[in-house]
There are 2 protein chains.
Amino acid sequence: MDIKKFSALAGVSTATVSRAFSGNGRIKEATRERIFKLAEKHGYVPNIHAQRLNARRSEIIAVYYSFSSAPIFDYYNMELAQEIAKAAGARGYTTNLELTQRTDEPSAGLQRAATGGGLDGIILVADSRESAQAFVKRFKRLPVVVVANHDWVLPEAAALVRIHQASGIREAVAEMKAAGHTRIGFIHGMADEGKHRAFLEALRANQLDDVGAPTARGPLSFEDGERAIAELLSQNVSAVLCSTDILALGAMSGATKRGLRIPEDLSIVGIDNLAFSAFTSPPLASVGIPRTEIALTAVEALHQLVQDETAAPGAPSRQLIHTVHTRFISRRSLGAAPNG
Amino acid sequence: MDIKKFSALAGVSTATVSRAFSGNGRIKEATRERIFKLAEKHGYVPNIHAQRLNARRSEIIAVYYSFSSAPIFDYYNMELAQEIAKAAGARGYTTNLELTQRTDEPSAGLQRAATGGGLDGIILVADSRESAQAFVKRFKRLPVVVVANHDWVLPEAAALVRIHQASGIREAVAEMKAAGHTRIGFIHGMADEGKHRAFLEALRANQLDDVGAPTARGPLSFEDGERAIAELLSQNVSAVLCSTDILALGAMSGATKRGLRIPEDLSIVGIDNLAFSAFTSPPLASVGIPRTEIALTAVEALHQLVQDETAAPGAPSRQLIHTVHTRFISRRSLGAAPNG
DNA sequence: CTGAAAGCGCTTACAG
DNA sequence: CTGAAAGCGCTTACAG
């Protein structure tokens with residue numbers, strides 16, 4: 001049943017049917033109602049592709065993750081994707097779940113949709129400036145919002161949502177200091193120079209030794225965390241900040257295996273505040289990322305770009321920059337220093 | 001740049017350009033190459049909505065979760081959605097990430113897409129027969145694959161992927177028995193009658209008391225697990241099977257808080273085998289769900305339905321039923337019974 | 001308020 | 001192998 005058959009059946013023109021469904025143009029309330037009733041009865045629904053073809057708009061966005069090396073679609077990113085999908089849905093957009101094996105090579109589906117009008121825009125979650133830049137360049141014509149760590153400057157991006165990791169990290173280090181820790185280690189994640197820099201700054205701000213701060217590489221998995229903590233323990237740390245909660249959980253596990261109690265013998269703090277981090281044993285103190293705020297901000301920014309593009313196609317617009325702040329979440333894995 | 005401008009520019013008809021891109025119809029290799037070069041140069045890409053309008057096909061599917069009460073889009077479902085998106089991508093489909101607040105009311109976007117031709121099909125992950133039936137009825141015209149627990153019969157569903165929870169649960173109980181456990185408790189999740197029944201059967205199969213087996217309700221969160229384990233501990237269990245890993249983690253946490261060591265004093269086993277369950281402390285023994293197999297099977301089945309529908313629209317086809325088996329994954333949270 | 005008709009950007013029988 | 005033309009199912013100026 002297409003609009004032609006249906007309009008004949010309803011005894012009106014296709015134009016009238018179209019107006020009834022789109023809400024555009026004047027139409028008598030009575031006719032509209034009659035059309036709706038009939039549509040319901042005969043199961044007529046406008047074809048969405050014909051509408052999109054006309055509108056040159058799809059109401060679909062994609063969330064894409066661009067990483068500097070291995071692709072990670074881990075819990076953190078899943079939770080963020082969820083929030084974005086929710087915020088996008090509230091704005092009338094459908095969200096594509098994009099997963100890809102190669103970080104430097106968007107999937108064929110994404111490519112196709114993005115260049116062929118199948119996507120109104122993309123929210124790019126990127127962990128390195130280079131990959132974000134490459135991505136933005138590749139999809140020059142499409143509205144792209146980049147969600148990024150704080151200290152990036154990305155002139156090419158039309159919109160930028162920056163996560164100010166430093167605020168939460170500063171709070172975390174202050175808490176550690178307050179708990180009597182003076183020798184604090186750091187476990188690296190992927191492409192986390194920003195976090196590490198913020199950590200060093202926080203040490204200085206708290207009159208702690210930043211030059212001699214013990215460091216170990218993750219970068220990614222629970223096992224990486226287990227391995228890394230072993231390294232750090234030989235360097236006599238009493239507390240460790242980890243670049244991600246996953247690494248922190250690995251670190252807790254590794255320390256426990258070595259017979260240490262957390263937090264009595266060793267304090268561990270993560271970054272990300274995953275949903276389950278509140279429920280590990282002990283519960284993991286972590287730097288909380290405001291996912292909902294990030295999602296809302298990114299979707300609003302994208303919507304703005306889409307609107308602007310509609311209003312004045314091709315017109316250069318001012319870069320939108322938003323910054324969201326992180327906050328330390330205190331939990332039992334951070335305790336008093338052993339002999340403080 | 002549309003096909004008209006571009007074909008003029010290339011000095012051929014729109015038909016030829018179309019054939020170059022679609023791969024349908026004969027076309028001289030040389031012309032095709034020339035067209036590709038030119039398209040690359042001028043940035044011409046066929047409009048995807050026009051193509052879909054013609055094809056009456058979108059190459060988009062949705063994964064939808066239908067739950068008997070509160071909506072849950074937890075780690076388990078996220079991991080499954082990932083696998084489905086991956087399998088779908090390999091088949092050329094894009095996957096929509098559907099999240100909804102009301103379980104009985106698909107989102108407006110899903111509704112619209114599903115009925116307006118925006119979706120080729122839906123993979124429905126359902127935890128109750130009723131909700132699955134209602135869903136299938138609602139989207140009568142659309143290919144729907146239902147991913148469900150084992151013992152469902154769902155005549156309305158065109159395709160069914162059944163997760164045979166009983167096989168893994170049987171193995172789990174056998175292992176507990178082998179470890180000397182004779183009094184095994186169960187923590188309920190949501191809509192998990194199937195799992196519970198399998199548990200009772202497994203007890204009987206192992207000559208254990210199924211009538212007196214202590215039981216507590218979850219149903220959902222870590223906290224639920226913490227609460228439930230407290231109930232069970234007063235009933236003198238030495239091992240507990242939990243309906244989900246999340247509940248199991250809560251149970252471990254609750255038991256630990258009460259001063260019990262796992263597995264020395266109490267053994268805990270989950271169901272789902274989440275990615276992080278291998279890394280909790282102690283690592284959580286669990287019934288593994290073959291997510292990749294489920295995803296592949298579901299996508300293949302859906303693809304099959306789509307193909308059938310294309311070949312013979314409206315023709316009733318045989319119901320596709322696949323069963324995938326679960327398996328017990330042994331880890332440290334299951335140990336010898338205290339005084340066995 | 002409603003309709004006839006052109007147009008959105010492709011594809012595909014049908015001819016050649 | 002290639003082209004002219006009708007068609008996919010809507011929308012929207014333009015008239016009335």
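The basis for the numbers below is simple: all heavy atoms, side chains too, and nothing from hydrogens, waters or symmetry mates. Here is how names work: the chains are called A, B, and so on, in the same order as the sequence lines, proteins then strands, and each is numbered from 1.
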**OP:** Can you tell me the pairing partner of dA4(C) across any strand shown, Watson-Crick or G-U wobble, with both distances under 3.5 angstrom?
**Re:** none
Original post:
If you check the Arg19(A) side chain, which of dT12(D), dG9(D), dC10(C) turns out closest?
Top reply: dT12(D)
Original post:
What's the CD1-P distance between Ile3(A) and dT12(D), to the nearest Å?
Top reply: 11 Å
**OP:** Would you mind classifying the nucleic acid contact of Asp2(B) as base, sugar-phosphate or nothing, using non-hydrogen atoms under 4.0 angstrom?
**Re:** sugar-phosphate
Subject >> Pairwise C1' distance for dT12(D) and dG16(D), with rounding to whole Å >> reply: 16 Å
Original post:
According to a strict under-4.0 Å criterion, is Gln51(B) in side-chain N/O contact with OP1 or OP2 of dG9(C)?
Top reply: no
**OP:** Under 4.0 Å between any heavy atoms, over every strand shown, what does Val12(A) touch: base, sugar-phosphate, or nothing? Just pick one.
**Re:** sugar-phosphate
Original post:
With respect to the side chain of Ile27(B), which nucleotide from dC10(D), dT2(C), dT2(D) is positioned closest?
Top reply: dT2(D)
Original post:
Hey, are Arg291(B) and Glu83(B) close enough for a salt bridge, meaning a charged N less than 4.0 Å from a carboxylate O?
Top reply: no
Subject >> Nearest-nucleotide pick for Leu53(A), side chain only, options being dC10(C), dG9(C), dG3(C) >> reply: dG9(C)
Original post:
Do the side chain of Gln319(B) and the main chain of Ala157(B) share a donor and acceptor less than 3.5 angstrom apart?
Top reply: yes
**OP:** Specify the separation, in whole Å, of atom CZ of Phe6(B) and atom C1' of dT11(C).
**Re:** 16 Å
**OP:** Answer yes or no: is there an ion pair linking Glu300(B) with Arg91(B), defined by an N-O contact shorter than 4.0 Å?
**Re:** yes
Original post:
What is the distance from NZ of Lys5(B) to P of dC10(C), rounded to the nearest Å?
Top reply: 10 Å
Original post:
Is there a side-chain polar atom (N or O) of Asn24(B) under 4.0 Å from OP1 or OP2 of dT12(C)?
Top reply: yes
Original post:
Whom does dA13(D) pair with, Watson-Crick or G-U wobble, provided both distances fall under 3.5 Å?
Top reply: none
Original post:
Of all the nucleotides listed (dC10(D), dT2(C), dT11(C)), which has the minimum atom distance to the side chain of Asn54(A)?
Top reply: dC10(D)
Original post:
Within the structure, does a side-chain N or O atom of Thr16(A) lie under 4.0 Å from either OP1 or OP2 of dT2(C)?
Top reply: no
Original post:
Once you round it to whole Å, what is the distance between P of dT11(D) and CZ of Arg57(A)?
Top reply: 16 Å
Original post:
Does one side chain, of Arg112(B) or Gln51(A), offer a donor that lies under 3.5 Å from an acceptor on the other?
Top reply: yes
Original post:
Nearest-Å distance, CZ (Arg26(A)) to P (dG3(C))?
Top reply: 16 Å
Subject >> 5′-ward residue of the pair Ala55(A)/Arg56(B) relative to DNA chain D >> reply: Arg56(B)
Original post:
What integer number of Å spans the P atoms of dA13(C) and dG9(C)?
Top reply: 23 Å
Original post:
OP1, OP2 of dT11(D) versus side-chain N and O of Thr14(A): anything below 4.0 Å?
Top reply: no
Subject >> Side chain of Ser18(A) (C-beta onward), nearest among dT11(D), dC10(D), dC10(C) >> reply: dT11(D)
Subject >> Distance in angstrom units between Asn47(A) CG and dC8(D) P, rounded >> reply: 12 Å
Original post:
Do any N or O atoms from the side chain of Arg162(A) and from the backbone of Trp152(A) form a donor-acceptor pair under 3.5 angstrom?
Top reply: yes
Subject >> Pair Glu40(A) + Lys37(A), salt bridge at N-O below 4.0 Å >> reply: no
Original post:
Quick one: Lys4(B) NZ to dG3(D) P, roughly how many Å, whole number?
Top reply: 16 Å
Original post:
In whole Å, what is the span from the CE atom of Met1(A) to the P atom of dC10(D)?
Top reply: 11 Å
